[in-house]
Amino acid sequence: MGIGGGTEYYYFGNYTPVGDVLVISACLLFLLLTYIAYITKTRTFLMFRFLIFSIMLAAGASIGFHMLLSKAADSAQVWILLLRAAYHSFLYICLFLYIAYIREQMRLSRRTTLQVVLPAAIGTIGLVTFEFLSVVFRWGFEIIGNDQALETFNLFPFGYVALTVVIIYLLIRYRKRLFKQVMTGVFGASILAFVVLYMQEKFDQKSYTVWTFVLPAFAVLYMMHSHPYNLEMGAVDASAFDDLVKYSYKKKKELLMMTMQLVLLEEDGKQYPEAIKETVRRFAGEYFRGATLFQISNGTHVLAAEKEKNPNYENTINSILNGFGEEYPKYRLPFKILILQSDDRISAERDYVSLIRFVESKLGSNEVHYVTEEDINEYQRHKYIQTQLTDICKKGNLDDPRVHVYCQPVLNTMTQTYDTAEALMRIVLPDLGMVFPDTFIPIAEESGLIHQLSLIILHKTCEQIRTMLDQGYQIQRISVNFSTQELHDEGFCLDVSSVIRKSGVPFGKVAIELTESQNEGDFVAMKSKIEELRESGVKFYLDDFGTGYSNFERIMELPFDIIKFDRSMLLASAANENSEKMVSHLAQMFSDMDYAVLYEGVETSDDEERCVKMDAKYLQGYKYSKPIPIEQLTEYFKKENNNT
């Protein structure tokens with residue numbers, strides 16, 4: 001090709017269509033792979049797909065131009081010039097698309113876009129315009145005979161070099177914004193492309209120009225848009241599922257989803273048996289049209305498809321469930337299956353994996369569940385509470401106004417006065433109001449947030465104890481519940497001691513309630529923490545005795561001060577005479593060993609009378625008071641030397 005004002009004869013004999021046919025084949029393969037494989041339909045991917053189309057069109061125009069040039073008939077001259085202009089123009093567009101693609105992937109600033117990318121866009125438009133004006137005015141290229149033309153001026157090398165310089169500049173200037181491996185792949189492909197161009201010029205060839213544009217495209221496809229399949233399962237990973245949700249939400253496409261968790265594989269981390277792998281592959285490919293299988297954890301898969309492409313999805317779902325029912329007897333592994341449709345609230349946050357986990361946690365084994373609006377609302381509430389708890393713990397404010405202390409007064413049967421109480425946690429949130437422990441405690445424990453909440457309750461309880469002591473009230477102690485989970489924290493005793501000490505109240509005015517655990521690790525941690533804190537004067541309650549697991553040998557090893565009999569024990573004692581004797585003897589045994597016995601759940605006078613007969617030292621329940629704000633304890637407790 002001539003450059004500038006030089007003159008060069010252009011021969012068809014320097015060209016063979018093999019190179020461009022290879023380009024078209026490669027582009028068609030790229031397009032086929034991007035259609036049948038799962039690739040996130042992001043803006044950059046759509047830009048890349050258009051780039052592939054442009055390369056393919058450039059190769060087609062190159063073949064047409066050179067084929068017609070070989071005949072050089074007068075009637076074909078306009079078409080020759082048009083195809084040459086199209087050939088160059090599509091290559092200019094390819095180069096600019098590379099620039100735009102880099103700008104998008106690197107998220108370049110508006111300033112860089114205006115200073116570099118915008119001029120490149122204007123330059124590309126100018127180059128394309130010049131190419132087609134040259135057809136009208138016959139600039140720089142003249143056909144002089146069969147398979148021969150006279151090229152007096154060719155702008156293409158200038159445009160090619162200018163746009164390539166912009167690409168290289170962006171890659172080098174902002175190289176830190178891409179992973180090193182990606183940079184290596186793109187630069188390696190670009191260097192290889194220049195080598196091909198050099199060899200083409202060296203051997204006076206014109207057949208592989210467009211092929212040099214394919215090499216970087218191959219690197220981009222592999223490095224930036226590949227989501228490798230798990231070849232054994234035919235599934236892609238959780239990040240690809242997240243990308244699908246993002247794309248579908250943006251394009252307002254509704255999704256159908258079926259999830260299956262094989263419980264044992266999820267819990268144990270075992271590999272799928274080969275027969276199950278084959279079954280999963282078959283199910284993923286036979287039913288929904290255009291479905292993709294995602295593996296979001298070892299034992300959980302999600303099959304997702306566009307609702308629009310599957311108008312008879314209800315029948316399809318029934319067919320899958322029927323097929324699954326036929327396959328289940330072969331394996332008999334516990335499972336959980338969810339069926340759901342996309343919801344904008346969940347799609348906007350790309351939160352389906354968490355939703356799936358939340359709903360699965362409420363299911364028993366071998367259940368099939370259709371996710372409802374109620375499930376989603378419950379999950380949203382759960383997530384909101386978790387977010388608020390996280391914020392409370394992150395701020396670390398022991399006076400956080402969202403955490404409230406309620407108390408239930410406890411009757412001392414020896415003095416017939418209220419001198420102890422149990423502190424109970426409540427949280428009050430802006431969007432929900434009062435939230436009770438049975439709702440937020442499990443969330444706090446699962447999220448590792450419970451300790452900070454316990455410290456807040458302890459702090460506020462100690463502050464109220466100090467206030468009431470200063471006012472002259474008789475307080476034996478107030479107990480605060482702690483989770484067994486917290487005992488594994490090496491700083492547990494230091495945290496508790498620090499809060500009590502800073503409040504200025506005697507350590508003996510505070511008690512800690514713990515629930516017995518069957519876990520050996522919990523027992524060891526509990527014993528060491530109780531022994532350490534009891535030295536400072538803190539009292540300890542064993543909570544919920546009589547529910548579930550109770551090991552007397554373990555209880556005897558733990559230096560508790562008070563054993564709290566659960567209401568279930570009280571109800572059992574009312575069942576018949578033998579049951580009452582059993583509960584009574586247990587209480588007597590604890591009393592003889594210097595444990596005080598407290599009965600929870602006392603609601604009637606009959607309950608009270610029976611508990612007193614069964615060695616009750618303390619009584620707690622709705623007969624005396626429902627849980628009240630801690631500030632209202634003054635209505636129950638007495639002042640020193642005051643009989644009212």
Side-chain angles (χ1 to χ4, degrees), residues 404-427 434-442 457 461 464 474-481 511-516 539-550 555 560-591 595-638 644:
H404 291 236
V405 184
Y406 275 59
C407 272
Q408 192 167 32
V410 175
L411 179 69
N412 186 328
T413 62
M414 306 299 290
T415 63
Q416 289 298 306
T417 61
Y418 299 98
D419 57 8
T420 66
E422 179 184 3
L424 302 166
M425 193 186 313
R426 305 285 188 268
I427 58 173
M434 179 77 75
V435 182
F436 291 92
D438 60 340
T439 298
F440 70 81
I441 292 294
I457 291 297
T461 299
Q464 182 62 21
Q474 298 177 13
I475 300 177
Q476 188 174 167
R477 78 186 71 87
I478 296 179
S479 63
V480 177
N481 288 276
I512 291 176
E513 295 197 20
L514 298 169
T515 302
E516 186 189 5
K539 304 297 182 181
F540 281 86
Y541 290 23
L542 174 62
D543 197 12
D544 295 334
F545 176 77
T547 60
Y549 174 83
S550 292
I555 293 173
F560 288 107
D561 299 283
I562 294 177
I563 308 296
K564 296 184 71 171
F565 278 33
D566 186 74
R567 175 165 170 76
S568 62
M569 298 285 281
L570 181 56
L571 294 175
S573 70
N576 53 59
E577 186 177 349
N578 286 337
S579 296
E580 184 176 356
K581 285 181 180 179
M582 183 177 292
V583 175
S584 180
H585 284 129
L586 284 171
Q588 180 66 52
M589 178 189 69
F590 283 122
S591 296
Y595 293 96
V597 175
L598 185 158
Y599 286 90
E600 293 183 285
V602 179
E603 297 182 356
T604 66
S605 296
D606 288 342
D607 289 342
E608 180 183 72
E609 183 179 348
R610 192 163 58 256
C611 290
V612 171
K613 288 181 181 178
M614 296 187 299
D615 280 275
K617 179 69 179 294
Y618 299 102
L619 299 175
Q620 178 181 348
Y622 273 59
K623 182 182 188 303
Y624 312 107
S625 174
K626 66 180 181 179
I628 56 175
I630 193 171
E631 294 79 11
Q632 294 180 19
L633 280 181
T634 55
E635 300 173 11
Y636 289 83
F637 283 43
K638 287 184 176 182
T644 61

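The model shown is predicted, which means the values in this text are computed figures rather than measured ones.
Contact of the M569 side chain with the L586 side chain is registered, since non-hydrogen atoms from C-beta on lie closer than 4.5 Å. Residues V405 and M425 form no side-chain contact, since every pair of their non-hydrogen atoms from C-beta on lies 4.5 Å or further apart. At a threshold of 4.5 Å between non-hydrogen side-chain atoms, the residues T604 and K623 do not count as touching. Taking the side chain as every heavy atom from C-beta outward, R426 and P627 approach each other to under 4.5 Å. Side-chain contact between I562 and K539 is absent, with no heavy atoms from C-beta onward closer than 4.5 Å.
Among all heavy-atom pairs drawn from C407 and A423, the shortest one is SG-CA, 3.7 Å. When all heavy atoms of D615 and S584 are compared, the pair lying nearest together is OD2-O, 4.5 Å. Pairing each heavy atom of V597 with each of A587, the nearest pair is CG2-O, 3.8 Å. Nearest approach of Y541 to A511, heavy atoms of both residues: CE1-CB, 3.6 Å. Between L570 and G601, the shortest heavy-atom contact is CD2-O, 3.7 Å. Listed here is the closest heavy atom pair of E422 and S479: CA-OG, 3.4 Å.
Under the 3.5 Å distance criterion, the side-chain polar atoms of Q474 are left unmatched by any main-chain donor or acceptor of F637. Judged by distance alone, the side chain of Y599 and the main-chain N or O of M614 form a donor-acceptor pair under 3.5 Å. The backbone N or O of A616 sits less than 3.5 Å from a side-chain atom of T413, completing a donor-acceptor pair. Panel note: side chain D544, backbone D566; no donor-acceptor pair is recorded below 3.5 Å.
The neighbour count for M434 CE, taken as heavy atoms of other residues, nucleotides or ligands under 6.0 Å away, is above 12. In this structure, M589 places its CE atom where more than 12 heavy-atom neighbours from other residues, nucleotides or ligands lie under 6.0 Å away.
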(request) Output, in order, the C-alpha distance, side-chain angles, deciding distance and verdict of side chain to side chain contact (heavy atoms under 4.5 Å, CB included) for N412 and K617. (result) CA-CA 6 Å; N412 186 328; K617 179 69 179 294; 4.2 Å; yes
(request) Mind running side chain to side chain contact (heavy atoms under 4.5 Å, CB included) on I478 and Q464 for me, showing each step along the way? (result) CA-CA 10 Å; I478 296 179; Q464 182 62 21; 5.7 Å; no
(message) Go through it in stages, so that I can follow the logic: the residues are D607 and R610, the test is side chain to side chain contact (heavy atoms under 4.5 Å, CB included), and I'd like the CA-CA distance, side-chain angles, deciding distance and then a yes or no.
(response) CA-CA 5 Å; D607 289 342; R610 192 163 58 256; 3.1 Å; yes
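Rounded to the nearest 0.5 Å, atoms CD (E608) and OH (Y624) are 3.5 Å apart. Atom OH of Y595 sits about 9.0 Å away from atom CG of L542, to the nearest 0.5 Å. Taking CG of L619 as the reference point, atom CD of Q416 lies at 8.0 Å (rounded to 0.5 Å). A distance of 9.0 Å separates OG1 in T461 from CG in L424, rounded to the nearest 0.5 Å. A distance of 14.0 Å separates OG1 in T417 from OH in Y636, rounded to the nearest 0.5 Å. The distance from atom CD of Q408 to atom CD1 of I630, rounded to the nearest 0.5 Å, is 13.0 Å.
Side-chain N/O atoms of T420 and Y618 include no donor and acceptor closer than 3.5 Å.
Among pairs with a residue in residues 575-589, those fulfilling salt bridge (Lys or Arg N to Asp or Glu O under 4.0 Å) read E577-K581, at least two apart in sequence or across chains.
D543 meets the side-chain contact (heavy atoms from CB on, under 4.5 Å) test with N481, E513, T515, K564, E600; sequence neighbours excluded.
Aromatic ring orientation, F545 versus F565: tilted (interplanar angle from 30° to 60°).
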